[in-house]
Asks: 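Starting off with a structure, shown below.
All values derive from a computational prediction rather than experimental measurement. Order of the sequence lines sets the chain letters (A, B, ...), proteins ahead of strands, with each chain counted from 1.
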Amino acid sequence: MERPRHQGMAKNTYMRWRLPLVCLLWEVAMIILFGVFVRFSPEADAHWEEEKREMNLTSDIENDFYFRYPSFQDVHVMIFVGFGFLMTFLKRYGFGAVGFNFLLAAFGIQWALLMQGWFHSFKSGKILIGVENLINADFCVGSVCIAFGAILGKTSPIQLLVMTLFQVTLFAVNEYILLNLLHVKDAGGSMTIHTFGAYFGLTVTRILYRPNLEQCKDKQGSVYHSDLFAMIGTLYLWMYWPSFNSAISDHGDAQHRAAINTYCSLAACVLTTMAFSSMLQKKGKLDMVHIQNATLAGGVAVGTSAEMMLTPYGSLIVGFICGIVSTVGYVYLTPFLESRLHIQDTCGIHNLHAMPGLIGGIVGAITAAAATEDVYGKEGFIKAFDFTGAYQTRTPSVQGGFQAAGIVVSLLIAFAGGALVGKKGSMERGRLSSACGRVAPQVPEDEESDAYHMHNPDKPASP
Amino acid sequence: MERPRHQGMAKNTYMRWRLPLVCLLWEVAMIILFGVFVRFSPEADAHWEEEKREMNLTSDIENDFYFRYPSFQDVHVMIFVGFGFLMTFLKRYGFGAVGFNFLLAAFGIQWALLMQGWFHSFKSGKILIGVENLINADFCVGSVCIAFGAILGKTSPIQLLVMTLFQVTLFAVNEYILLNLLHVKDAGGSMTIHTFGAYFGLTVTRILYRPNLEQCKDKQGSVYHSDLFAMIGTLYLWMYWPSFNSAISDHGDAQHRAAINTYCSLAACVLTTMAFSSMLQKKGKLDMVHIQNATLAGGVAVGTSAEMMLTPYGSLIVGFICGIVSTVGYVYLTPFLESRLHIQDTCGIHNLHAMPGLIGGIVGAITAAAATEDVYGKEGFIKAFDFTGAYQTRTPSVQGGFQAAGIVVSLLIAFAGGALVGKKGSMERGRLSSACGRVAPQVPEDEESDAYHMHNPDKPASP
Amino acid sequence: MERPRHQGMAKNTYMRWRLPLVCLLWEVAMIILFGVFVRFSPEADAHWEEEKREMNLTSDIENDFYFRYPSFQDVHVMIFVGFGFLMTFLKRYGFGAVGFNFLLAAFGIQWALLMQGWFHSFKSGKILIGVENLINADFCVGSVCIAFGAILGKTSPIQLLVMTLFQVTLFAVNEYILLNLLHVKDAGGSMTIHTFGAYFGLTVTRILYRPNLEQCKDKQGSVYHSDLFAMIGTLYLWMYWPSFNSAISDHGDAQHRAAINTYCSLAACVLTTMAFSSMLQKKGKLDMVHIQNATLAGGVAVGTSAEMMLTPYGSLIVGFICGIVSTVGYVYLTPFLESRLHIQDTCGIHNLHAMPGLIGGIVGAITAAAATEDVYGKEGFIKAFDFTGAYQTRTPSVQGGFQAAGIVVSLLIAFAGGALVGKKGSMERGRLSSACGRVAPQVPEDEESDAYHMHNPDKPASP
């Protein structure tokens with residue numbers, strides 16, 4: 001890591017203070033905004049005893065905490081360990097992946113509590129937060145983690161934080177349009193989290209494209225142990241995905257059903273991923289990249305429909321298809337995107353989140369359009385799609401249309417937002433060399449680039 | 001991994017298509033069978049509102065989902081991360097262990113949902129699945145993961161899948177005989193999961209025995225980091241075992257009690273494992289293999305009795321004994337089994353699952369036989385052993401006898417089933433060299449053997 | 001590990017039997033004491049059906065198991081995986097850290113069930129245990145794991161077990177004084193777990209100080225992969241800390257609130273840790289030690305106040321401050337403690353547990369003193385601070401005073417207890433060389449020192 005310095009100390013000093021300043025100032029801003037706006041929801045407030053009486057609840061177990069907290073913790077693990085370790089497969093970015101994921105997620109959840117709070121939990125001037133808000137904040141940050149997968153190794157921590165700020169904001173806007181204006185169902189976020197997050201990230205990485213990045217391919221290699229670390233990420237995402245898709249569904253049957261559908265879809269997805277991975281390799285071997293990623297596509301693709309009556313065999317079919325689509329994407333589409341469209345997709349999020357997210361949106365639209373009172377029961381039908389109030393005359397086919405519109409809106413906002421953020425990052429290029437470009441000798445060095453790698457001077461470098 | 005090829009392309013092509021074809025065809029079969037048979041249980045169906053009214057439930061929290069989902073997720077982690085990473089201690093099979101465990105478990109849970117569904121959840125032509133079915137499917141696959149531990153490194157993925165198909169089927173038959181015909185209690189599966197799974201696997205590995213396998217011992221070595229990965233598996237199994245043994249117990253006190261008993265047994269087991277590990281080593285050092293495995297024997301051995309009134313000190317005694325038995329087994333029995341009985345038990349499942357499973361069955365029989373209305377209370381007694389309907393006149397000592405019969409039945413089906421599957425695998429030997437034998441030069445090479453290792457041609461091999 | 005032997009076989013034999021004997025005799029003692037004292041709580045006993053009727057409970061879901069079991073499992077993971085893996089950053093102690101942590105925790109929870117049981121769950125001659133006792137036992141052992149962090153690499157497993165025995169005992173005494181005599185609130189254990197545990201460990205390590213320990217600094221280095229393993233520990237502690245602080249809070253709003261406050265504090269702490277880590281490093285890089293440890297200080301520091309109406313922005317402020325204090329501590333205080341005060345704090349627990357624990361106690365005292373009926377509601381106020389019975393006239397400011405007294409008591413007992421245990425360990429020094437000192441040639445060798453390292457003679461040593 002030690003190289004001779006060519007740059008003056010003035011810049012050095014400037015750069016050195018950038019990350020600390022951004023972190024501290026933003027955190028101060030969070031404190032002020034939380035102070036002005038954020039309070040406990042009635043179920044987390046000490047007035048709960050009175051609330052309970054008013055709501056005619058006979059037991060503390062009726063507190064939403066007990067319905068959702070176990071799922072929240074599973075989602076929490078997915079965001080911090082799942083996404084963090086999934087990206088450790090690169091031999092030189094294991095630390096960066098986990099550490100920067102940690103940083104952006106910790107910042108993002110605070111900003112998401114505010115943004116989503118203003119849109120969804122705002123009552124008489126205050127945002128009232130409970131466990132469901134924590135889950136939604138984690139979800140929102142999940143979309144940033146996805147986008148991070150596309151630009152892994154190309155940005156500084158400050159650029160990541162800026163991206164997080166913008167993406168969380170746009171996420172909340174997009175979510176508001178989908179859930180409140182279009183009255184769309186998307187409990188597991190096929191559209192709001194995966195489609196939006198992935199196309200946002202892909203747009204950013206397209207704009208940040210530079211040909212000489214290819215020279216540092218050696219850094220993208222993996223080693224045996226980094227692949228085992230990545231499997232930790234994969235397995236936690238895979239195992240807890242039923243919690244992800246069911247975490248904010250309605251109490252009772254909807255949560256139950258969402259977990260079962262996701263479990264089925266993921267199981268089928270593993271089989272077709274292994275099949276196509278073996279089939280498309282020259283010697284019939286299995287490719288760890290596919291196993292680490294494509295096996296998860298089944299969870300993404302039932303994100304919208306898991307809480308609907310997709311049925312177990314319907315879920316198997318979705319998982320079956322997505323394992324194939326995602327694996328084929330890794331083999332044929334990723335190289336094509338890089339060579340022809342100049343989209344350097346470090347972790348292959350196009351195959352894991354973008355395409356399966358789109359499929360998930362479409363499956364959701366079809367499942368909603370196909371809903372009947374016979375299948376759902378009279379009450380279940382109304383409850384499942386929230387056909388009450390202004391929406392009580394909406395029919396399944398109209399709902400299907402709105403679901404489809406949700407996909408389009410998510411795509412548009414992702415492209416526009418990604419372009420905006422990418423351009424901003426691109427303009428800073430003159431000053432900030434990318435982490436990867438840094439090792440290529442023709443790129444001018446500066447101190448900021450050192451901040452990309454975490455290290456401890458007291459510790460020896462990697463073996 | 002690159003070696004010169006001696007074989008023709010015809011065979012190559014045939015082999016290359018085997019794994020994909022099996023995976024795809026079987027998954028298609030799953031979709032068809034799920035389509036014909038599998039539907040949601042009333043608690044996961046959109047008709048739940050009506051169901052709730054019929055069952056006089058006042059709150060969604062009464063849905064079985066909230067009683068069992070947290071335990072389900074813990075069990076899920078044990079199957080995929082626990083068993084997967086426990087087997088990463090071999091330095092060259094870390095990938096294979098985690099990856100193939102992933103493949104067989106993902107396939108196995110689907111087949112288990114069907115098999116167990118036909119036996120236990122079949123109503124008017126449909127299998128109705130809920131969270132308890134998911135747990136049971138994970139349990140069933142757990143027995144396959146155990147058997148996998150005996151043959152790790154000796155079989156191709158296809159052989160593993162075939163074994164999974166057979167073993168899951170026999171598991172369901174054995175479970176049906178025990179739980180329904182003998183009316184035996186076995187919530188944590190000492191008999192159905194551990195005894196059955198382990199002796200099944202040991203029978204298979206006995207039949208697959210070949211002397212020249214010993215030549216590739218170098219592959220069975222471990223390295224520092226692979227042992228830390230294995231500790232991840234160990235600890236997750238150890239920590240979540242209370243969830244495993246309580247996951248399908250009756251609501252309320254039974255789940256509560258099963259968790260406490262298991263917690264106590266596991267704690268005691270750690271102490272005696274460490275004691276005997278240190279005592280039996282030449283220089284008093286601790287052996288990582290014992291710590292990784294024998295510490296878990298206490299969980300296996302209270303699998304049947306944990307939900308009974310075993311009491312905390314009873315659990316400590318069981319854990320105390322099992323830590324000793326299991327550690328002594330690793331030191332003296334495993335070498336004996338290999339040299340004299342030609343049983344190559346790669347992960348030592350005889351010490352971790354087979355013997356403790358037998359002890360668990362016996363402890364369960366004794367605990368049941370010793371049950372009194374005084375200890376359980378009148379209602380508790382009937383509820384604990386389900387002494388209702390046709391069984392309302394059964395006495396504790398008779399129940400103890402049936403429990404003991406359950407052990408014998410499990411053993412018989414394990415031996416018979418293992419012999420069948422082993423013979424089948426053995427006959428394919430002419431064509432399929434084993435993964436391990438492959439490195440010995442006298443064994444003819446073929447392409448299939450390459451499928452044992454997952455690799456990515458773009459990635460450098462392990463360091 | 002193989003060095004020529006200079007010592008006679010007599011001592012060898014004596015040493016070799018020490019660890020096994022201690023483990024076995026203590027476990028036998030546990031069995032006897034459990035047999036005499038420990039029984040199931042009514043909620044885990046088979047008489048639960050009768051209990052339910054007496055308590056007018058209509059559903060099994062009212063069993064405390066369902067309120068606390070998910071949190072218990074999260075806490076369990078923190079103790080065994082969290083603390084265990086957090087200490088794997090040392091390249092030569094990865095095994096020892098995880099393995100000895102496993103050993104001491106497994107023993108400690110049994111002794112804690114007894115000690116805490118005698119003080120808190122003793123009814124007509126029996127200790128009645130349920131899920132809350134399991135959580136409290138894990139908490140108690142958590143304080144030992146913290147102290148272990150200070151002396152990591154300096155003690156034999158037997159010394160660790162002796163320390164565990166003493167520390168658990170003193171923990172229970174201190175906890176009894178605080179919770180029962182002073183009637184103090186400390187759900188997340190800022191005082192009872194962190195302040196007590198850390199100052200206990202620091203006192204022990206001070207007394208065990210020997211200058212030549214510094215010669216073996218090379219052993220304290222880390223490698224790339226050991227830092228990734230340590231991040232597993234960090235992240236599981238960070239993610240599950242909301243469960244830790246809410247695990248034994250009152251049902252309903254208190255658990256809910258404790259989780260939210262902790263979530264907020266931890267998020268803020270990550271930002272200021274990253275800021276100061278980057279600011280205090282010469283080149284603006286991030287230091288993995290800070291990220292692995294200081295990010296957790298926010299959870300420690302709301303341990304007392306999380307269940308109070310600290311509010312989300314209050315939590316952010318606490319996290320903000322603690323990230324700074326902890327990081328600055330690692331940079332300036334740890335070297336000072338070692339060079340001037342001769343306190344060798346291997347894992348830096350002074351920065352992660354001691355200072356944040358003190359802050360947590362103070363924040364708790366202030367939050368309690370500032371409580372008003374307006375903020376809590378009339379019922380909520382009484383419930384939150386348990387102002388019933390003998391305490392119904394206690395005012396918030398008096399409560400604040402008692403909270404502050406709790407800090408002082410915890411400190412005094414920690415210093416006294418640590419001094420006692422340290423002296424005992426120090427006196428054994430003539431016979432037992434420390435694990436680290438062992439490599440320094442001037443220290444006489446003995447066989448016991450070998451027991452510090454776990455190894456398997458069949459396995460090659462670390463690469």
Asks: Counting only non-hydrogen atoms closer than 4.5 Å, does B/Asp74 touch chain A with its backbone (N, CA, C, O), its side chain (CB onward), both, or neither?
Replies: neither

Asks: Identify which part of B/Phe85 has an atom lying under 4.5 Å from any heavy atom of chain A, answering side chain, backbone, both or neither.
Replies: side chain

Asks: When heavy-atom pairs shorter than 4.5 Å are enumerated against chain B, which of A/Thr234, A/Val270, A/Leu271, A/Ile317 gives the highest number?
Replies: A/Leu271

Asks: Checking B/Ser59 against A/Glu62: is there a side-chain donor and acceptor pair closer than 3.5 Å?
Replies: yes

Asks: Can you tell me which of B/Leu33, B/Val38, B/Val81 forms the most heavy-atom pairs within a distance under 4.5 Å of chain A?
Replies: B/Val81

Asks: Looking at A/Glu379 and B/Arg53, is there a salt bridge between them, counting it only when a charged N and a carboxylate O are closer than 4.0 Å?
Replies: yes

Asks: Within the structure provided, determine whether A/Thr272 and B/Leu24 are in side-chain contact (heavy-atom separation under 4.5 Å).
Replies: yes

Asks: Under 4.5 Å heavy-atom distance to chain B, tell me which part of A/Thr295 shows up: side chain, backbone, both or neither.
Replies: side chain

Asks: Does any heavy atom of chain A fall under 4.5 Å from the side chain of B/Leu113, the backbone, both, or neither of them?
Replies: side chain

Asks: Quick one: does B/Leu19's side chain get under 4.5 Å of B/Leu161's, heavy atoms only?
Replies: yes

Asks: Are the side chain of A/Asn245 and the backbone of A/Ala258 linked by a donor-acceptor contact shorter than 3.5 Å?
Replies: no

Asks: With no hydrogens and no angle check, do the side chains of B/Asn133 and B/Ser41 hold a donor and an acceptor under 3.5 Å apart?
Replies: no

Asks: What residue in A/Gly319, A/Gly314, A/Ala275, A/Pro242 has the most heavy-atom pairs under 4.5 Å with chain B?
Replies: A/Ala275

Asks: Which atoms of A/Tyr376 come close to chain B, meaning under 4.5 Å heavy atom to heavy atom: side chain ones, backbone ones, both, or neither?
Replies: both

Asks: I'd like to know which of A/Pro70, A/Pro312, A/Gly380 tops the heavy-atom pair count under 4.5 Å against chain B.
Replies: A/Pro312

Asks: Examine whether an atom of A/Lys378 lies under 4.5 Å from a heavy atom of chain B, and if so say whether it belongs to the side chain, the backbone or both; otherwise answer neither.
Replies: backbone

Asks: Quick one: what part of B/Val28 sits under 4.5 Å from any heavy atom of chain A, side chain, backbone, both or neither?
Replies: both

Asks: In this structure, which one of A/Ile291, A/Asp287, A/Thr327 forms a side chain to side chain contact (heavy atoms under 4.5 Å, CB included) with A/Met274?
Replies: A/Ile291

Asks: Do A/Asp64 and A/His251 pair up side chain to side chain, a donor and an acceptor below 3.5 Å, judged on atom types alone?
Replies: yes

Asks: Between A/Gln255 and chain B, which part of the residue has a heavy atom less than 4.5 Å away: side chain, backbone, both or neither?
Replies: both

Asks: Looking at B/Phe65, B/Phe72, B/Trp48, which hits ring-ring contact (aromatic ring centres under 6.0 Å, His included) with A/His256?
Replies: B/Phe65

Asks: For the side chain of A/Ser326 and the backbone of A/Asn351, is there at least one donor-acceptor N/O pair under 3.5 Å apart?
Replies: yes

Asks: Of all of B/Trp26, B/Tyr69, B/Phe107, which one pairs up most often with chain A through heavy atoms under 4.5 Å apart?
Replies: B/Tyr69

Asks: What part of A/Asp374 is in contact with chain B, defined as an atom under 4.5 angstrom from a non-hydrogen atom: side chain, backbone, both or neither?
Replies: backbone

Asks: Which region of A/Ser277, side chain (C-beta onward) or backbone (N, CA, C, O), has a non-hydrogen atom less than 4.5 Å from a non-hydrogen atom of chain B, or is it both or neither?
Replies: neither

Asks: Could you walk me through whether B/Phe80 and A/Tyr236 pass the ring-ring contact (aromatic ring centres under 6.0 Å, His included) check?
Replies: CA-CA 9 Å; B/Phe80 289 87; A/Tyr236 273 99; over 10 Å; no

Asks: What part of A/Phe276 lies closer than 4.5 angstrom to a heavy atom of chain B: side chain, backbone, both or neither?
Replies: side chain

Asks: Using heavy-atom distances under 4.5 Å, tell me whether A/Cys269 contacts chain B through its side chain, its backbone, both, or neither.
Replies: neither

Asks: Which answer fits A/Ile232, side chain, backbone, both or neither, if we ask what part of it has an atom under 4.5 Å from a heavy atom of chain B?
Replies: both

Asks: Does any heavy atom of chain B fall under 4.5 Å from the side chain of A/Leu280, the backbone, both, or neither of them?
Replies: backbone

Asks: Run the salt-bridge test on B/Glu49 and B/Lys52 with the 4.0 Å N-O cut-off and return the result as yes or no.
Replies: yes

Asks: Please determine, among B/Gln110, B/Glu43, B/Gln73, B/His76, the option with the most heavy-atom pairs under 4.5 Å with chain A.
Replies: B/Gln73

Asks: Does any backbone or side-chain atom of A/Ala268 lie under 4.5 Å from a heavy atom of chain B? Answer side chain, backbone, both or neither.
Replies: both

Asks: Less than 6.0 angstrom separating the ring centers of A/Tyr66 and B/Tyr66, yes or no?
Replies: no

Asks: Does any heavy atom of chain A fall under 4.5 Å from the side chain of B/Asp60, the backbone, both, or neither of them?
Replies: both

Asks: Any non-hydrogen side-chain atom of B/Arg39 less than 4.5 Å from a side-chain atom of A/Tyr313?
Replies: yes

Asks: What residue in B/Ala105, B/Ala106, B/Pro42 has the most heavy-atom pairs under 4.5 Å with chain A?
Replies: B/Ala106

